[in-house]
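Side chains included, hydrogens not; waters and symmetry mates left out as well; all remaining heavy atoms used. All residue numbers refer to positions in the sequence shown, counting from 1. Counting starts at 1 for both ligands and their atoms, in listed order.
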Amino acid sequence: MSGKAIRVRGVVQGVGFRPMIWHLARQHRLTGSVWNDAEGVIIHAFGNDEDMEAFIRQIPSQLPPLARLDSLEVQDLNAMPDDEFRIVASRENHSVQTPIAADAATCPECLAEIADPANRRYRYPFTNCTHCGPRLSIVRRVPYDRCHTSMAEFSMCPRCQQEYDDPADRRFHAQANCCPDCGPRLWLEDGGRSMLNCDDPITRTAELIRQGFIIAVKGLGGFHLACNAADPDAVARLRQRKQRYAKPFALMARDAEMIARHARLNEQETRALHDKAAPIVLLAAHGMTLAPAIAPDDNKLGFMLPYTPLHSLLMRELNAPIVLTSGNISDEPQCTENDEAREKLAGIADYWLLHDRTIVNRLDDSVVRLMDGKIRLLRRARGYTPEALPLPAGLESADNILAMGAELKNSFCLLKNGQAIVSQHIGDLENAAVQHDYRNAVALYRQLFGFNPKRIVVDLHPGYLSTQYGQALAAAEQAQLVAVQHHHAHLAACLAEHGVPLDSRPVLGAIFDGLGLGDDDTLWGGEFLLADYRNYTRLGHFQPIALPGGTQAMREPWRNTFAQLLHYFDWPALRQEFAELNIMRLLTGKPLDTLATMIARNINSPPGSSCGRWFDAFAAALDLHGEQVHYEGQAAIALERLATPLFADEQPYPQAWAIDNSVGLSVLRWQGLWQAVLIDLKRGTDKARIAARIHHSLVAATVELLIRLSRQTGANCIVLSGGVFQNRLLLEAVSQQLRQHGKTVLSPQRYPMNDGGLALGQAVIAAARIAV
Ligand SMILES: [Zn+2]
Ligand SMILES: [Zn+2]
């Protein structure tokens with residue numbers, strides 16, 4: 001007979017961990033008890049050595065679906081054995097340190113119940129259990145108990161209470177437990193706010209979708225707008241009413257078979273679709289086409305599978321995928337409240353499928369894409385947040401650091417007890433409603449994680465709202481303010497995610513994105529750095545080119561084409577030589593003289609080494625969105641799409657780039673590439689071929705410079721990050737070629753490589769600078 005005290009850390013509360021231990025202990029004839037405390041779960045167990053050993057060995061393999069085990073420590077225990085094994089109630093007012101689980105897609109058991117006419121939860125759209133259902137989306141406060149969630153409004157009926165109290169039941173301590181007798185209810189409304197009289201609102205919604213109507217659907221983390229994806233008129237109407245003309249719409253399909261009719265998917269992508277986080281997976285369109293307005297200039301379709309019982313029941317009645325795009329107007333956040341949705345979506349939706357469970361925390365759908373052999377998060381929200389990342393060796397004691405993130409695709413990050421908690425995707429802070437959401441989310445996370453920042457980390461850019469808010473917070477809280485360079489933060493985020501220890505040798509990084517402020521007060525965005533967590537050195541960059549009109553240059557790609565050509569060539573001669581090209585015709589209609597003067601006098605035309613604008617400039621030259629883009633990256637996405645089919649057959653242009661070392665740094669100059677592209681255009685070469693050659697030239701130049709810098713510095717590990725690397729051709733070709741040179745390549749997977757991952761990097765840099 002021996003006694004053991006077992007300390008468990010990880011995601012182990014509110015996920016059915018204690019019942020699992022209870023079952024396992026009884027299987028092995030152990031006595032003792034299990035309870036939650038501030039740091040996770042503690043088990044006291046008594047039994048013979050053989051049983052004890054088997055029990056401890058089996059814990060990691062018996063984890064419930066939503067649990068995550070970070071560590072398990074076993075110590076001898078000298079105490080009187082108990083007579084049985086018990087689950088002990090949570091100790092009161094324990095300080096909050098254990099993570100809340102992320103929201104999870106409906107589990108197979110719950111799906112079976114809602115499909116079984118004999119089950120009391122047959123067709124009940126809010127069915128959930130310890131293994132699935134809402135978590136962060138309904139939490140108001142910690143600890144995660146029903147009274148601190150939006151399920152507090154619903155008191156459990158005797159049968160639900162019985163399940164909740166029974167350790168042998170799948171719903172033991174399932175905080176969101178409910179049934180048709182006691183839980184939330186669903187109804188359908190028309191535009192006049194009158195409830196439709198129908199037997200089953202889900203069946204009626206399916207009928208309306210088939211008839212071509214647009215339905216506002218209240219989901220898990222916010223409202224969606226739904227319509228039949230196979231109905232071109234319905235999708236076009238949705239685009240028109242939403243006044244969203246370009247960004248692709250997400251889709252939901254009943255199952256993977258349905259997706260396979262419209263897109264190509266391999267094993268990894270199929271697994272990602274079925275993940276408990278149920279993200280949107282970007283897939284190559286293939287086979288039967290859907291409404292063309294779903295993704296107007298993209299060859300990818302973003303598909304997800306049903307992740308709530310409501311979605312499952314709805315999709316079972318439909319034979320085609322539905323559009324399921326965020327229910328918002330223009331760039332505002334998704335609606336979460338019924339009245340808000342009734343009001344704001346009035347000009348867009350025909351009907352509203354509503355329920356009376358409050359969405360406390362807005363969570364957008366997460367987006368992933370398979371690139372270079374790995375599933376990578378491009379937008380991290382529902383299903384992933386607030387999962388914590390244990391920090392690498394050397395940063396385990398990081399604490400009380402709050403990083404505010406960037407301006408676009410904002411998320412923020414808390415460092416607490418050696419873990420990084422990155423918030424869900426908040427959005428673009430340019431929008432007032434998003435700013436409001438941002439402040440609320442920061443306050444909520446501070447409450448949820450019992451967090452008081454001692455250091456607040458911001459971007460170097462003084463104009464970012466996140467920087468200004470961070471400054472105000474730091475002043476109010478008397479916290480230390482730390483400013484971190486944008487591209488260094490991208491690099492450090494990637495190191496942290498891959499567990500690179502604090503005192504590792506510096507790595508090389510190619511960080512390509514739209515724009516970020518450099519430490520010389522100019523705009524950067526095509527950067528080659530040597531860096532560790534604490535410091536960085538800029539070793540190279542793209543040739544800085546004026547951004548005429550400043551932010552206008554982000555919206556109107558032709559401005560970048562003009563600035564590039566003006567920089568590299570004698571403009572009047574060039575204009576004459578290539579006069580018949582479409583891009584020249586487009587430019588001729590623009591106020592070029594004014595722009596040239598602005599550039600010459602440096603009036604509102606800051607030079608930037610941006611790789612994003614470089615892509616825009618070439619896309620415009622190939623007649624892709626030259627006039628204007630509706631969102632950052634639109635032109636680059638179109639260029640990637642154009643290049644994809646011919647990429648494998650093409651090569652870089654010879655002498656397309658030059659590496660100029662005259663200023664002490666390696667500057668990538670692109671005069672040769674421009675010349676080759678213009679000549680190809682004049683010859684009438686297939687633009688897809690030109691797009692492929694542009695991509696190859698960028699790949700070859702990047703690899704050549706990185707190899708050269710690697711030789712100079714002795715650094716053999718290379719980080720590729722920044723939003724531009726969401727271009728699959730670029731990421732895969734650069735990674736493969738670097739590996740052929742024997743280099744180790746790291747690129748982001750679990751956190752976005754775009755600015756959505758920036759806060760993690762900001763936080764770890766601040767932590768590293770104070771670590772001893
Ligand atoms: Zn379940
Ligand atoms: Zn009930």
Contacts of the Zn ion (ligand 1) with protein N/O/S atoms, counting only those under 2.8 Å: C107 SG, C110 SG, C129 SG, C132 SG

Have a look around the Zn ion (ligand 2) and list protein N/O/S atoms under 2.8 Å, or say none. C157 SG, C160 SG, C179 SG, C182 SG

Using residues 215-222 as the side-chain source, report each donor-acceptor pair under 3.5 Å to any protein atom, sequence neighbours left out, with the distance given to one decimal.
unit_1	atom_1	unit_2	atom_2	d
K218	NZ	N338	OD1	3.1
K218	NZ	H355	O	3.2
K218	NZ	R357	O	3.1

Would you please name every residue forming a side-chain hydrogen bond (donor to acceptor under 3.5 Å, both in side chains) with R121, sequence neighbours left out? E163, N177

Flag if over 12 foreign heavy atoms under 6.0 Å of CD, Q268: yes

Are R210 and E207 close enough for a salt bridge, meaning some N to O gap below 4.0 Å? no

Atom CG of residue position N197 - does it have more than 12 heavy atoms of other residues, nucleotides or ligands inside 6.0 Å? no

Given L363, D103, V368, the one that forms side-chain contact (heavy atoms from CB on, under 4.5 Å) with Y384: V368

Using a strict threshold of under 4.0 Å (side-chain N to carboxylate O), is an ion pair present between R342 and E189? yes

Between Y164 and F172, ring centroids under 6.0 Å: no

Y307-H311 aromatic ring centre distance below 6.0 Å: yes

